[in-house]
Amino acid sequence: MKRDDSVVQSKIARFTERVVSLAQKAVAGEPDPAFQPGEGGYADWVIVALHGLREYLDHPYRRLMDVLFEMPRIVGILDLEPSELPDFSTVCARYQRLKMPIWRILLRLSAELHDTGEIQAIDATGMDRISASQHYAKRTNYTFRAVKTTVLIDCETGVILDIHCSMKQPHDSQIGWQLLKRNIDKVSILTADKGYDWWLLRQKLRAEGVKPVIKHREFGWNGVAGNVLIDDTTYHQRSNVESTFFALRRKYGEIVRARTWFGQFRELVLKCAVRNIELALDRSNP
């Protein structure tokens with residue numbers, strides 16, 4: 001379906017074009033045709049893009065497909081006709097089959113839409129979960145009410161560079177290096193609160209050329225002295241993480257809806273990618 005370039009595009013059209021482009025890059029190899037009758041079915045990038053739209057529009061599966069059926073221009077960006085849209089159950093089932101690396105690549109590509117600054121920050125929060133049935137809870141030892149979610153952001157743009165999710169409650173210092181080492185090339189100055197006060201983490205960061213601005217736990221004079229030497233202007237950039245968590249909850253909901261733990265991880269990664277794409281659209285068309 002051809003699109004008339006003379007027509008002013010809506011934000012949802014621009015978002016769809018961007019999420020389709022990133023989804024095609026996130027899927028390994030040459031992107032498949034959007035739809036192939038028979039066993040071929042729908043390409044993975046179409047399912048990824050549809051889930052991006054679902055988060056963006058904040059619709060359940062069934063309503064999303066009903067809305068898209070009445071939006072031929074948006075469906076055309078997916079290289080489909082309204083009559084070729086998948087059933088909502090297909091979109092839901094394929095979501096479970098797509099591997100986590102695809103969603104992580106989508107997040108990385110969405111972060112690369114931005115020119116980041118020199119100060120980054122890391123922090124964690126708990127994202128509430130919808131209660132599962134008692135049968136499911138007993139069968140899977142479903143006990144925690146929140147997913148511990150740690151994000152690494154760029155303080156200048158507010159872009160989420162990476163995310164770590166856990167069903168347990170590991171200490172921040174245990175997660176910190178795991179998250180940072182796969183993003184070390186994106187970090188120049190790292191700000192973090194006392195939860196990340198670990199001498200070995202500071203040592204590893206300095207060895208990679210990263211300046212740690214991490215508050216010390218004041219167990220003695222060394223901790224007090226270390227905090228006195230911290231540049232407050234740089235350290236207080238850390239509050240941007242809290243703003244990011246607030247924005248995620250306000251825009252995309254305070255509760256993680258997926259029932260399975262791996263589904264919840266994918267949902268959180270997707271929320272972060274969608275936020276990054278929206279920020280890029282807002283900056284390109286203020």
Side-chain angles (χ1 to χ4, degrees), residues 1-3 5 9-37 40-114 159-160 163 248 251-253 257-258 262-282 284-285:
M1 180 181 292
K2 295 183 178 179
R3 299 185 298 279
D5 293 335
Q9 285 189 311
S10 63
K11 187 176 179 182
I12 184 175
R14 290 185 288 116
F15 176 88
T16 306
E17 287 187 341
R18 190 63 61 88
V19 78
V20 164
S21 175
L22 297 185
Q24 289 175 336
K25 293 176 182 177
V27 176
E30 188 71 19
D32 293 329
F35 175 67
Q36 301 179 70
Y42 297 92
D44 287 345
W45 64 264
V46 171
I47 303 301
V48 172
L50 285 171
H51 280 281
L53 278 168
R54 183 178 63 84
E55 286 292 345
Y56 178 72
L57 297 174
D58 192 25
H59 287 332
Y61 292 105
R62 191 190 296 270
R63 185 181 302 167
L64 172 70
M65 308 319 297
D66 286 346
V67 169
L68 288 180
F69 187 82
E70 303 296 337
M71 301 172 71
R73 185 179 174 197
I74 301 301
V75 176
I77 300 174
L78 294 165
D79 201 21
L80 295 171
E81 297 290 340
S83 60
E84 295 176 328
L85 282 168
D87 187 76
F88 74 93
S89 60
T90 300
V91 180
C92 181
R94 287 283 298 277
Y95 179 59
Q96 302 293 336
R97 291 201 290 257
L98 291 173
K99 303 297 185 182
M100 178 60 99
I102 292 178
W103 305 104
R104 285 206 172 278
I105 293 171
L106 182 70
L107 175 58
R108 175 176 59 78
L109 292 171
S110 70
E112 291 175 356
L113 297 173
H114 304 262
V159 169
I160 300 170
I163 181 173
L248 279 173
K251 175 66 177 179
Y252 307 111
R257 294 182 173 87
F262 53 86
Q264 291 164 3
F265 291 0
R266 287 161 172 72
E267 182 178 338
L268 289 168
V269 172
L270 180 59
K271 288 178 187 291
C272 294
V274 169
R275 171 169 166 74
N276 287 348
I277 296 171
E278 277 206 85
L279 287 176
L281 294 177
D282 292 340
S284 62
N285 289 273

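Quick note: numbers below take in every heavy atom, side chains included, and nothing from hydrogens, waters or symmetry partners. What you see is a predicted model, and the numbers here were worked out from it, not measured in a lab.
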Q.
How close do Lys11 and Asp282 get, counting heavy atoms only, and between which atoms?
A. NZ-OD1, 2.8 Å

Q: Provide the closest heavy-atom pair for Leu270 versus His51 in the form atom of the first, atom of the second, distance.
A: CD2-O, 3.5 Å

Q.
If I take atom CD1 from residue Ile277 and atom CG from residue Leu107, how far apart are they, to the nearest 0.5 angstrom?
A. 9.5 Å

Q) Taking all atoms of both residues into account, what is the closest heavy-atom pair of Phe265 and Met100, and its distance? A) CB-CE, 3.3 Å

Q) How far apart are the C-alpha atoms of Gln96 and Phe262, what are their side-chain angles, what is the distance that settles it, and do they pass the side-chain contact (heavy atoms from CB on, under 4.5 Å) test? A) CA-CA 8 Å; Gln96 302 293 336; Phe262 53 86; 3.0 Å; yes

Q: Without swapping roles, check the side chain of Arg54 against the backbone of Val91 for a donor-acceptor pair under 3.5 Å.
A: no

Q | Leu22 vs Leu113 side-chain heavy atoms within contact, under 4.5 Å | A | yes

**Q.** Shortest non-hydrogen contact between Ala49 and Ala23, atoms and distance
**A.** N-CB, 4.2 Å

Q | OH on Tyr61 to OG1 on Thr90, rounded to 0.5 Å | A | 11.5 Å

Q. Rounded to the nearest 0.5 Å, what separation is found between the OG atom of Ser110 and the CD1 atom of Ile105?
A. 12.0 Å

Q. Do Asp44 and Arg97 meet the salt-bridge criterion of a basic N to acidic O distance under 4.0 Å?
A. no

Q) Hey, are the side chains of Leu57 and Ile12 touching, using non-hydrogen atoms and a 4.5 Å cut-off? A) yes

Q. Side chains of Ser284 and Arg14: closer than 4.5 Å at any heavy-atom pair?
A. yes

Q. Rounded to the nearest 0.5 Å, how far does OH of Tyr56 lie from CZ of Arg18?
A. 12.0 Å

Q) Should Asp79 and Val20 be marked as a side-chain contact (heavy atoms from CB on, under 4.5 Å) after you check the CA-CA gap, both sets of side-chain angles, and the distance that decides it? A) CA-CA 10 Å; Asp79 201 21; Val20 164; over 6 Å; no

Q | Any Val274 side-chain heavy atom under 4.5 Å of Phe15 side chain | A | yes

(Q) Checking the side chain of Trp45 only, and the main-chain atoms of Asp32 only, is there a donor and an acceptor separated by less than 3.5 Å? (A) yes

Q) Shortest non-hydrogen contact from Ala34 to Leu80? A) CB-CD2, 3.8 Å

Q.
Quick one, Lys251 and Glu278 - any side-chain contact, counting heavy atoms below 4.5 Å?
A. yes

Q: May I have the step-by-step check of side-chain contact (heavy atoms from CB on, under 4.5 Å) for Lys25 and Arg108, ending in yes or no?
A: CA-CA 11 Å; Lys25 293 176 182 177; Arg108 175 176 59 78; over 6 Å; no

Q. Do Tyr95 and Glu267 have side chains that get closer than 4.5 Å, going by heavy atoms?
A. yes

Q: Determine whether Val67 and Ile74 make a side-chain contact, defined as any pair of heavy atoms from C-beta on separated by less than 4.5 Å.
A: no

Q. Rounded to the nearest 0.5 Å, what separation is found between the SG atom of Cys272 and the CH2 atom of Trp103?
A. 13.0 Å

(Q) If you apply the rule side-chain contact (heavy atoms from CB on, under 4.5 Å), what do you find for Asp87 with Met65, and how did you get there? (A) CA-CA 7 Å; Asp87 187 76; Met65 308 319 297; over 6 Å; no

**Q.** Shortest non-hydrogen contact between Val75 and Leu68, atoms and distance
**A.** CG2-O, 3.1 Å

Q | Separation between CZ of Arg104 and CZ of Arg266, rounded to the nearest 0.5 Å | A | 10.5 Å

